[in-house]
Number of protein chains: 2
Amino acid sequence: MPEAASAAATRATIGDSEFDRDTAVNPRAPGVYDLDLSAGWTIINAVNGGYLLAVLGRALGDALPHPDPFTVSAHYLTASRPGPAVVRTETVRTGRTLSTGQASLLQYDDEGNEVERIRVLASYGDLDTLPDDVRTSAEPPAIPSMDQCFGPEDGPAPVEGSSAIADRLMLKLDPATLGWALGQPSGRGEMRAWFGLADGRDADPLSLLLAVDALPPTAFELGLKGWVPTVELTVHVRCRPAPGPLRVSITTRNLAGGFLEEDAEVWDSADRLVAQSRQLARVRLG
Amino acid sequence: MPEAASAAATRATIGDSEFDRDTAVNPRAPGVYDLDLSAGWTIINAVNGGYLLAVLGRALGDALPHPDPFTVSAHYLTASRPGPAVVRTETVRTGRTLSTGQASLLQYDDEGNEVERIRVLASYGDLDTLPDDVRTSAEPPAIPSMDQCFGPEDGPAPVEGSSAIADRLMLKLDPATLGWALGQPSGRGEMRAWFGLADGRDADPLSLLLAVDALPPTAFELGLKGWVPTVELTVHVRCRPAPGPLRVSITTRNLAGGFLEEDAEVWDSADRLVAQSRQLARVRLG
């Protein structure tokens, strides 16, 4: 079979993909959703924070009267692990164009008690009803074409431990932000990459919640090693992304006092700034 | 009396100032605080969002075991008005160095029922225990010296309606971001000012929550008129501010679809980037 035809035959779609299956939630009662956190979205044995946010976003999209996340604020409390979980949502306010909800992701301890992993506040709307007036002054990141960028498959695995998420992403990093992988971190708090899902599924508002937290930490380019756990992450989804690969550009400018911020911008193939996020993360210095 | 001596005699201090009195909360029961929203922090008849955030921050600082806001995420639900209010807090998780809480600001309808104004998630810590390692790559804003900047008292009031907050702030705007006040908006989403409290009280972590939302909207420089209500505001407090005036620099780069983001940076007199925030706000286009 010609390569293009076989690729088309197997390419995943929004609603039928690894991402959709692994972020699916099963309503148990009004506002209560059972799910299984997949082991497929781990990085160095930690479940990726953006994947977790997408799970919560899926549940809130079902619970609230508006379909799309507009602004989502998540505080990460305890480390999630693959396995059974529950999302409990609360509708805080419903309005004509925006609704606000709260959601908690919980898992179970050895006695079966619920332990809260993440709590989220989010305001939802309908991206398809937004006016077309676009006056964005920001410009897409300067990143080389995809064939000049590199993914994990192009070199030795730079970190030990399970990085299953690498198999689920199409990630091609700007060589200017890859010094860390060669033992020569640039010293600049920057990370840029082309981003997609490995099975070819196009981006949608929920997968944007994953995209903002799916690149290697800027801390690596700042010469820091080890885990950079997210304390809090807020994402603004501003536009339904066009089909095709995304460009993600992350910047850190305030590494101080054992914390840093990561500002992420996500640009789609139509050069729209479709999502912006900022997270506060802890670092181990020295 | 020499001017310097009388100024010293009347200058407010952290703990004894307009800001402290107007953000004071009175514990009614564990986690429940009564208060009165002051009419003194209104802009065009709306109670300033940063003042409201400071009120919530005050209550959470009392309720949680850690004293200082590190990251606060607020979703604004309904418009607050001066008068009686209550803050209800919940402790979500307490840890060794960070605690997380949730808080709601509520007021009363004509029947005396509680109506939620704002819901907040916040993680608190102790700023005084942070290591001294500062590797901030961001640089303070280019803003002229204070005597070359202008406050509301230097010109006619540009907007109608009650702007009581102007009497409580020392605000000196960069003339490069004042075109709107002269009918000639620059078209750039920027607003910069020297910021302090009119009674001379120094800044502290709580007043930083006010500072990030106390300047005129960048929308004015983008040629938009009217109200720019905040949907969501997340503030990172990174450092206890040094005494003396602050510099606040706000940028908007993504005005699109009837929404815009405002990114604020707050710099203290020691050139530390003491707070960063991003808010999502609605605009009226056309």
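Please read all numbers here as calculations on a predicted model, not as lab measurements. In what follows, every chain begins at residue 1, and chains take the letters A, B, ... in the order their sequences are listed.
- Of the listed residues G258(A), S123(A), A74(A), the one with more heavy-atom pairs under 4.5 angstrom with chain B than any other is S123(A).
- For the atom pair CZ of R240(A) and CG of D202(A), the computed distance is 12.0 Å after rounding to the nearest 0.5 Å.
- Of the two parts of D132(B), neither the backbone nor the side chain holds a non-hydrogen atom closer than 4.5 Å to a non-hydrogen atom of chain A.
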**OP:** Please step through side-chain contact (heavy atoms from CB on, under 4.5 Å) for the pair L233(B) and S277(B), ending with a clear verdict.
**Re:** CA-CA 7 Å; L233(B) 166 62; S277(B) 72; 4.0 Å; yes

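- Considering CD of E232(A) and OH of Y76(A), their distance stands at 9.0 Å, rounded to 0.5 Å.
- In this structure, the separation between CZ on F259(B) and CG on L130(A) is 6.0 Å, given to the nearest 0.5 Å.
- Contact residues of residues 114-122 of chain A toward chain B are E116(A), R119(A), V120(A), L121(A), A122(A) (heavy-atom distance under 4.5 Å).
- Each of R278(B), H236(B), R238(B) has some count of heavy-atom pairs under 4.5 Å with chain A, and the biggest count is that of R238(B).
- Nearest approach of R192(B) to A142(B), heavy atoms of both residues: NE-O, 3.6 Å.
- For residues 87-112 of chain A, a heavy-atom distance under 4.5 Å to chain B picks out E90(A), V92(A), R93(A), T97(A), L98(A), T100(A), Q102(A), given by residue number.
- Residues E261(B) and R253(B) form a side-chain contact, since some pair of their non-hydrogen atoms from C-beta on lies under 4.5 Å apart.
- Only the side chain of T234(A) comes within contact range of chain B, with at least one heavy atom under 4.5 Å from a heavy atom of that chain.
- For the residue pair S73(A) and H75(B), the shortest heavy atom distance occurs at OG-NE2, 3.0 Å.
- T252(A) touches chain B through its backbone: at least one of N, CA, C or O sits under 4.5 Å from a heavy atom, while the side chain does not.
- Considering only heavy atoms from C-beta on, D213(A) comes within 4.5 Å of N48(A) through its side chain.
- The CZ atom of R284(B) sits 7.5 Å away from the CH2 atom of W227(B) when rounded to the nearest 0.5 Å.
- Using a 4.5 Å cut-off on side-chain heavy atoms (C-beta onward), L255(A) and L224(A) make contact.
- A donor atom on one side chain and an acceptor atom on the other are found under 3.5 Å apart for Q279(A) and T230(A).
- For CZ of R282(B), the number of neighbouring non-hydrogen atoms (other residues, nucleotides, ligands) closer than 6.0 Å is greater than 12.
- Heavy atoms of L260(A) lying under 4.5 Å from chain B belong exclusively to its backbone.
- Side-chain contact between V237(A) and D68(A): absent, with no pair of heavy atoms (C-beta onward) separated by less than 4.5 Å.
- With Y124(A) contributing its side chain and L60(A) its backbone, the two residues share no donor-acceptor pair below 3.5 Å.
- The contact list for residues 265-272 of chain A toward chain B, using heavy atoms and a distance under 4.5 Å, reads E265(A), R272(A) by residue number.
- Chain B forms more heavy-atom pairs under 4.5 Å with one residue of N254(A), T78(A), T136(A) than with any other, namely N254(A).
- At a heavy-atom cut-off of under 4.5 Å, chain B is reached by no residue from residues 203-212 of chain A.
- For the pair V55(B) and Y33(B), the minimum side-chain heavy-atom distance is 4.5 Å or more.
- Remark: the E221(A) side chain and the T177(A) side chain contain no N/O donor-acceptor pair separated by less than 3.5 Å.
- Side-chain contact between V231(B) and F70(A) is absent, with no heavy-atom pair separated by less than 4.5 Å.
- L215(A) contributes atom CG, which lies 4.5 Å from atom CD1 of I250(A) (distance to the nearest 0.5 angstrom).
- Evaluated for a side-chain contact (heavy atoms from CB on, under 4.5 Å) with V283(B), the options V228(B), T218(B), L222(B) yield exactly one hit, V228(B).
- S137(A) has its side chain out of reach of R188(B): every pair of non-hydrogen atoms, C-beta onward, lies at least 4.5 Å apart.
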